[in-house]
There are 2 protein chains.
Amino acid sequence: MLPIQIDTNSPLLLYMQVGNQLIEQIAKGHIQDDEMLPSIRNMAQDIGINIHTVSKSYRELEKKGIIKMENRLKATVIARSNRRLDETQLHHLELSIKNMIMEAYVMGYSKKQIKQYITKVLDQVQ
Amino acid sequence: MLPIQIDTNSPLLLYMQVGNQLIEQIAKGHIQDDEMLPSIRNMAQDIGINIHTVSKSYRELEKKGIIKMENRLKATVIARSNRRLDETQLHHLELSIKNMIMEAYVMGYSKKQIKQYITKVLDQVQ
DNA sequence: ATGACTGTAGCATATCATTTAATAAAATAA
DNA sequence: TTATTTTATTAAATGATATGCTACAGTCAT
């Protein structure tokens, strides 16, 4: 996996920045199925943030069914084929996407621009 | 404009629920260019939430360049052609969209499903 | 001037993000 | 086995923010 970069100027919460970047790396294949993530301690030290913050990032990813953390073992990425889909999570995700798209349109993006941007993003995933 | 619906079970903050619905209504044309929004007080009373919360919703929309609030007059929707685009806001928005798309993919949506969903959402805007 | 309307500011409370410090379980080395 | 290190978790403290209640100050019509 690639190193996690924290942007202190970002309005995004720290644990979400970490979570987002982990998800992006999984989507792009920089973190692979069944790969073992760094320990909470190590990652916290590398990034320069608190253990709890990283812990929360991991727990959120676990809630989403992306990684599993069992009996104090390091977190591992669940293989794509084995991910259990949580209906509630999916619903919230769809709502979030809808809101973002609506906002982009209202802020001046054309429908075409939005579709092009989505395509560009999807071209980056494996 | 249509009435704003608050979902007390949603994990979304109240002021974001209000803001999201306003944006959605603007995108769909239920709120039109140059239309005057209800006063903070009225909307707060109608919805049953505090004026501060509605005030924050309006201020966030103003930051995004969607509405303007001048010298204690009611907030008005800026015409689409007159919206000034804030580079920082646009950058954060693109980042948010990217994160949502990556998350959808990692959680099991196929690229095709994601594109179909985006198309479905965009078909709802005017 | 009065009354009805507007947005804003101050204070209180609850929730949550983040950090610090302490605890307990597991893994590893001796 | 014992000791040391490494791990995640728990508890408590701090700070920031969301939300609510109340009061204030400006605007406008009458």
Side-chain angles (χ1 to χ4, degrees), chain A residues 1 4-23 34-64 66-78 89 92 96 99, chain B residues 1 4-23 31 34-78 92 95-96 99:
Chain A
M1 65 172 289
I4 303 289
Q5 314 275 354
I6 294 298
D7 177 6
T8 50
N9 291 329
S10 169
L12 273 181
L13 297 173
L14 289 180
Y15 81 90
M16 298 201 71
Q17 289 192 43
V18 174
N20 286 339
Q21 289 188 47
L22 288 175
I23 287 174
D34 297 318
E35 180 168 336
M36 193 172 277
L37 295 179
S39 75
I40 290 178
R41 276 190 145 71
N42 276 346
M43 177 166 290
Q45 188 163 22
D46 288 348
I47 302 179
I49 62 179
N50 195 269
I51 314 175
H52 264 120
T53 311
V54 177
S55 173
K56 175 143 190 178
S57 305
Y58 280 18
R59 272 183 280 122
E60 291 295 317
L61 258 64
E62 191 184 27
K63 253 194 218 165
K64 291 173 180 164
I66 298 172
I67 68 175
K68 66 162 179 268
M69 309 176 64
E70 280 171 354
N71 51 3
R72 293 168 188 273
L73 288 179
K74 284 180 188 168
T76 58
V77 178
I78 297 177
Q89 300 279 346
H92 285 149
S96 298
N99 290 332
Chain B
M1 65 172 290
I4 304 289
Q5 315 274 355
I6 294 298
D7 177 5
T8 50
N9 291 329
S10 169
L12 271 181
L13 296 173
L14 290 180
Y15 81 89
M16 300 202 70
Q17 290 192 42
V18 174
N20 286 340
Q21 289 188 49
L22 288 175
I23 287 174
I31 300 177
D34 297 316
E35 180 168 336
M36 194 172 276
L37 295 179
S39 76
I40 290 178
R41 278 191 145 69
N42 274 347
M43 178 167 288
Q45 189 164 22
D46 287 350
I47 303 178
I49 62 178
N50 194 268
I51 42 181
H52 262 131
T53 310
V54 177
S55 174
K56 172 136 196 180
S57 305
Y58 280 18
R59 273 183 280 122
E60 293 294 316
L61 259 64
E62 191 186 26
K63 255 193 217 164
K64 291 172 180 164
I66 298 172
I67 67 175
K68 66 164 181 270
M69 308 176 66
E70 280 170 357
N71 50 4
R72 294 168 187 275
L73 289 178
K74 283 178 189 169
T76 58
V77 178
I78 297 177
H92 286 149
L95 219 56
S96 298
N99 290 333

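Given the structure is predicted, the values throughout are model-derived calculations rather than measurements. In what follows, every chain begins at residue 1, and chains take the letters A, B, ... in the order their sequences are listed.
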Just to be sure I understand the rule, does B:Y58 reach a base, reach only the sugar-phosphate, or reach nothing, if contact means heavy atoms closer than 4.0 Å? nothing
Can you tell me which nucleotide in C:dA21, D:dG20, D:dA18 comes closest to the side chain of B:Y15? D:dA18
Nearest 0.5 Å, what's the CG-CG distance between B:N20 and B:L13? 10.5 Å
Rounded to whole Å, how long is the line connecting atom CZ of A:R59 with atom P of D:dT10? 9 Å
Provide, to the nearest angstrom, the distance between the CZ atom belonging to A:R41 and the P atom belonging to D:dT6. 9 Å
The side chain of A:L13 is closest to which nucleotide in this list: D:dT7, C:dT6, C:dA17? C:dA17
Of the nucleotides D:dT19, D:dT9, D:dT7, which one has an atom closest to the side chain of A:M69? D:dT9
Closest to the B:L14 side chain, choosing from D:dG20, D:dA8, C:dT8: D:dG20
Could you tell me if the side chain of A:I40 sits less than 4.5 Å from the side chain of A:M69, heavy atoms only? yes
Would you tell me if any nitrogen or oxygen in the side chain of A:S39 comes within less than 4.0 Å of OP1 or OP2 on D:dT6? no
In whole angstroms, the gap separating C1' of C:dT18 from CD of A:Q17 amounts to 13 Å
Within the structure shown, what part of the strands sits under 4.0 Å from B:I49 by heavy-atom distance: base, sugar-phosphate, or nothing? sugar-phosphate
Closer than 3.5 angstrom, by distance alone: can the side chain of B:E60 be matched with the main-chain N or O of B:M16 as a donor-acceptor pair? no
Rounding to an integer number of Å, can you tell me how far A:I51 CD1 sits from D:dT6 P? 13 Å
Quickly work out the A:K56 NZ to C:dT18 P distance and round it to whole Å. 7 Å
Think A:N50 has a side-chain N or O under 4.0 angstrom from the OP1 or OP2 of C:dT20? yes
Provide, to the nearest angstrom, the distance between the CG atom belonging to B:L37 and the C1' atom belonging to C:dT6. 14 Å
Between D:dT17 atom C1' and B:E60 atom CD, what is the distance in whole Å? 12 Å
So, OP1 or OP2 of C:dT19: does either fall under 4.0 Å of a side-chain N or O from A:T53? yes
When rounded to the nearest 0.5 angstrom, what distance separates CD1 in A:I47 from CD in A:Q21? 7.5 Å
Spacing of CG belonging to A:D34 relative to CD1 belonging to A:I67, to within rounding of 0.5 Å: 13.0 Å
Would you mind reading off the distance between B:M43 atom CE and C:dC5 atom P, rounded to a whole angstrom? 17 Å
Does C:dC5 have OP1 or OP2 under 4.0 Å away from a side-chain N or O of B:N42? no
Check if the side chain of A:H52 and the base of D:dT9 share a donor-acceptor pair of N or O atoms closer than 3.5 Å. no
